[in-house]
Amino acid sequence: MRDPNPPRGDDLGATEREILAHRAKKAEALRALGVNPYGNGHRPEHLSKDLRDRYGDAPADEIAKDPGAWSIAGRVLAVRPFGKAAFLKIRDAAGELQVWIKKDRVSERDFEIYKLLDIGDIVAAQGAATRTKTGELTLEATAFTILTKSMRPLPEKWHGLSDVEQRYRQRYLDLIATPGVRDTFVKRARTVSTIRRFLDGRGYLEVETPTLHKPEEAGGAAARPFETHHNALDLSLKLRIATELHLKRLVVGGFDRVYEIGRIWRNEGIDRRHNPEFTTIEFYEAYATAEDLMKLTEALFHALALEVAGAPVVTFQGQPIDFTPPYPRVSLVEVGARALGLSVEDALAGRGLAEALARAAARENESEDAWKLEQAAKRSPGEAIAAAFEVFGEPQLPKDRPAFVVDFPLETSPLSRRRDADPRLVDRFELFAGGMECANAFSELNDPADQRARFEAQVKARASGDEEAMPYDEDFVRALEHGMPPTAGEGIGIDRVTMILTDSASIRDVILFPLLKTRD
RNA sequence: GGGCGCAUAGCUCAACUGGCAGAGCAAUGGACUCUUAAUCCAUAGGUUGAAGGUUCGAUUCCUUCUGCGCUCACCA
């Protein structure tokens with residue numbers, strides 16, 4: 001444990017303290033030159049990209065004919081000084097550009113300012129374009145100033161930041177120093193905007209529903225919620241675990257096509273695929289069926305691959321995945337039952353199921369899966385078959401393409417409409433890609449009596465220890481009693497889709513500030 | 001929550017079987033007007049994550065704690 005009342009600036013090492021002090025002196029020296037080290041009001045007229053667009057690969061003599069008058073600003077990433085000249089590597093919003101400062105081209109004062117420069121400072125330069133004899137497009141400065149003085153050093157220039165923890169805690173440094181990080185988050189933004197454009201173009205309305213839920217509202221998924229409290233109302237609240245139930249209320253209210261892109265919270269474990277807060281898109285379309293949404297999903301993911309990754313085939317962790325429709329379909333009950341050596345009929349009826357699960361568990365003997373199968377034997381037939389699919393079916397899903405898992409048992413889907421042809425199943429699908437569940441969709445249950453029964457089953461499950469079972473949402477049933485048109489809905493995990501589109505191994509690499517433990 | 005692993009200068013990493021804690025980059029001072037990890041000379045920088053223990057001696061071995069990573073379970 002450290003000093004509980006550390007001095008401001010916390011536990012700096014001597015080197016760091018010296019750097020801060022030295023740079024503070026430079027800031028004062030800038031003020032003495034009439035430069036506010038934290039000034040504002042300087043607006044660059046160009047981006048580094050403007051010079052590249054203008055000159056491209058043009059040779060030096062051609063650039064010399066029309067060198068232009070350019071004005072850029074950005075962060076200094078590297079300085080290569082030569083006494084009376086220097087090359088600066090500057091990064092702005094559009095890329096990087098070299099700036100060349102020469103004592104005989106800038107004013108004496110500007111050269112004094114340059115001498116107070118540190119790597120990490122935000123600077124502005126004006127001047128003409130040129131190409132150096134090593135061939136690099138360069139802005140040859142005629143005016144130079146420091147806009148913001150950086151007081152702390154950037155990470156080491158060769159290796160950057162390799163301490164994963166520091167990358168997440170100080171993401172601003174990660175963005176500056178680690179190649180590709182910036183691009184990942186640009187692609188994340190493009191993923192969201194592509195989805196938004198896709199749905200807007202199909203007549204969907206974007207809405208926002210509460211993230212603070214009363215205890216009875218915090219359903220829509222199987223998960224444990226975070227708990228919080230409103231002081232003025234003295235009200236216990238939970239953070240939402242899904243947007244589903246409010247969005248369907250809106251379908252009842254006449255918004256036939258709605259979606260919400262938003263943060264949800266689930267109070268569960270953290271690993272490569274899970275962060276306590278993450279972003280989903282849920283959308284609901286009246287008069288559509290799960291079958292319709294499969295078509296829509298194929299079109300959407302194909303569009304995402306093209307728009308975000310730039311090609312229909314995306315390589316994720318060394319595995320190319322072809323997002324060109326159509327995607328193969330795999331039956332959960334068939335594969336699950338077959339894995340247990342049973343017919344679908346016997347499995348759904350529970351005939352021989354316990355014995356088959358025991359046999360399968362024994363086959364798996366020491367592995368973790370055995371335990372999962374043994375637990376499944378205590379649940380309903382549908383849940384047991386789903387468990388068998390998880391253990392035996394999921395690893396066999398196609399890896400070079402996304403795949404739809406279809407034919408879900410009723411018991412695993414408390415908000416899904418029963419299938420007319422077989423009421424033990426629901427018209428539901430999950431989209432798997434890259435070994436992850438990326439989307440989950442179904443024809444929505446709009447029979448209020450059936451919904452009531454499903455909620456009752458959930459309450460019973462909760463009473464017998466299932467902490468992830470949903471609460472009974474009376475108002476939601478009331479809404480259904482007013483009549484919800486036949487509807488299909490879908491949820492997509494934005495973070496996981498972004499992982500695939502950016503080839504990121506961990507969900508933390510696509511969340512700017514993932515949750516970490518507090519440091520003392 | 002379980003298992004495995006990691007923590008040394010601001011950053012990236014060394015330090016043999018327990019024997020004076022080092023290097024590169026960054027920094028500081030100096031030289032240098034075409035560099036791309038610029039180069040050259042010099043200097044400074046450490047509670048080896050924390051607390052205990054074993055030992056003549058601990059970065060190294062042991063215990064506990066903290067944080068992080070991987071993995072398993074739960075989950076999307």
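Letters A, B, ... are given to chains in the order of the sequence lines, protein chains preceding strands, and every chain is numbered from 1.
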Does the protein touch nucleotides 27-34 of chain B at the base, only the backbone, or not at all? Give it as B, S and - per nucleotide, heavy atoms under 4.0 Å. SSS--BBB

Once you round it to whole Å, what is the distance between C1' of B:G49 and CZ of A:R169? 13 Å

Using the P atom on both, measure B:A26 against B:U64 and round to a whole Å. 42 Å

Report the distance from atom CG of A:N275 to atom CZ of A:R263, rounding to the nearest 0.5 Å. 9.0 Å

Here's a test for you: under side chain to side chain contact (heavy atoms under 4.5 Å, CB included), which of A:L515, A:D174, A:L512, A:D509 qualifies with A:Y168? A:D509

Any salt bridge between A:D495 and A:R188, counting N to O under 4.0 Å? yes

Across the strands shown, which category fits A:G491 at heavy-atom distances under 4.0 angstrom: base, sugar-phosphate, nothing? nothing

If the P atom of B:A51 is compared with that of B:C70, how far apart are they to the nearest Å? 28 Å

Roughly how far apart, to the nearest Å, are B:U17 and B:G67 at atom C1'? 31 Å

With A:R182 via salt bridge (charged side-chain N to carboxylate O under 4.0 Å, His left out) - residues at least two apart: none

At 4.0 Å (heavy atoms only), tell me whether A:N267 reaches a base, stays on the sugar-phosphate, or touches nothing. nothing

Between atom CD in A:Q166 and atom P in B:U12, what is the gap in whole Å? 6 Å

Counting side-chain heavy atoms from CB outward, which of B:C11, B:A38, B:U12 is closest to A:K157? B:A38

Does A:T280 have a side-chain nitrogen or oxygen under 4.0 Å from the phosphate oxygens OP1 or OP2 of B:A76? no

Let's see if you can work this out: which of B:C68, B:A38, B:A76 has an atom nearest to the side-chain heavy atoms of A:E437? B:A76

Could you state the CE-P distance from A:M436 to B:C74, rounded to the nearest angstrom? 18 Å

If the condition is salt bridge (charged side-chain N to carboxylate O under 4.0 Å, His left out), which residues does A:E112 pass it with, not counting sequence neighbours? A:K115

Looking at residues at least two apart in the chain, or sitting in another chain, which of them share a side chain to side chain donor-acceptor pair (under 3.5 Å) with A:K238? A:E227

If we take the C1' atom in both B:G53 and B:A58, what is their distance in whole Å? 11 Å

Does A:G160 or A:A221 map to a spot on RNA chain B nearer the 5' end, using the closest nucleotide for each? A:G160

Please measure how far the C1' atom in B:C25 lies from the corresponding atom in B:A14, and state the result in whole Å. 15 Å

Going by modelled atom types, is there a donor-acceptor pair between the base of B:U35 and the side chain of A:Q98 at under 3.5 Å? yes

Answer whether the closest heavy-atom distance between the side chains of A:V123 and A:V99 falls below 4.5 Å. no

Starting from P on B:C68, measure out to CD1 on A:I270 and report it in whole angstrom. 8 Å

Looking at A:R80, does any N or O in its side chain come under 4.0 Å of the phosphate oxygens OP1/OP2 on B:U35? no

Just call it for A:L154: base, sugar-phosphate, or nothing, with non-hydrogen atoms closer than 4.0 Å on any strand. nothing

Grab the CG-P distance between A:L77 and B:C11 for me, whole Å please. 19 Å

Here the distance between atom P of B:A76 and atom CD1 of A:I261, to the nearest Å, is 20 Å

Taking B:C6 as the reference, what is the distance to B:C61 when you measure between their P atoms (whole Å, please)? 9 Å

Do the side chain of A:E156 and the base of B:G24 come within less than 3.5 angstrom through a donor-acceptor pair of N or O atoms? yes

Under 4.0 Å between a Lys/Arg side-chain N and an Asp/Glu carboxylate O for A:E62 and A:K65? no

Rounded to whole Å, please give me the gap between NZ in A:K89 and C1' in B:C25. 14 Å

Please report the distance, rounded to the nearest Å, between CZ in A:R171 and C1' in B:C68. 14 Å

Calculate, to the nearest 0.5 Å, the distance between atoms CZ and CG belonging to A:R52 and A:L137 respectively. 8.0 Å

What residues from residues 495-505 of chain A pass a heavy-atom cutoff of under 4.0 Å to RNA chain B? A:R496

Solution key, residues 429-443 of chain A side-chain donor-acceptor pairs under 3.5 Å, sequence neighbours excluded:
| unit_1 | atom_1 | unit_2 | atom_2 | d |
| --- | --- | --- | --- | --- |
| A:E430 | OE2 | A:R428 | NH2 | 2.9 |
| A:N440 | OD1 | A:R428 | NE | 3.0 |
| A:S443 | OG | A:A290 | N | 3.0 |

Only pairs with both distances under 3.5 Å count, Watson-Crick or wobble alike; so what is the partner of B:U33 in this structure? none

Mind checking A:E468 for me? I need base, sugar-phosphate or nothing, with any heavy atom below 4.0 Å counting as a touch. sugar-phosphate

How many angstroms lie between atom CZ of A:F226 and atom CD1 of A:I264, to the nearest 0.5 angstrom? 11.5 Å

Between B:U47 and B:C41, how far apart are the two P atoms, rounded to whole Å? 29 Å

How would you label the contact of A:Y168 with the nucleic acid (heavy atoms, under 4.0 Å): base, sugar-phosphate, or nothing? sugar-phosphate

In whole Å, what separates the P atom of B:C40 from that of B:C4? 47 Å

Considering only heavy atoms and no angle criterion, is a donor-acceptor pair shorter than 3.5 Å present between the side chain of A:D271 and the base of B:C74? yes

Using 30° and 60° as the class boundaries, would you call the ring planes of A:Y327 and A:F323 parallel, tilted or perpendicular? perpendicular

So what does A:A222 touch, heavy atoms closer than 4.0 Å: a base, only the sugar-phosphate, or nothing? sugar-phosphate

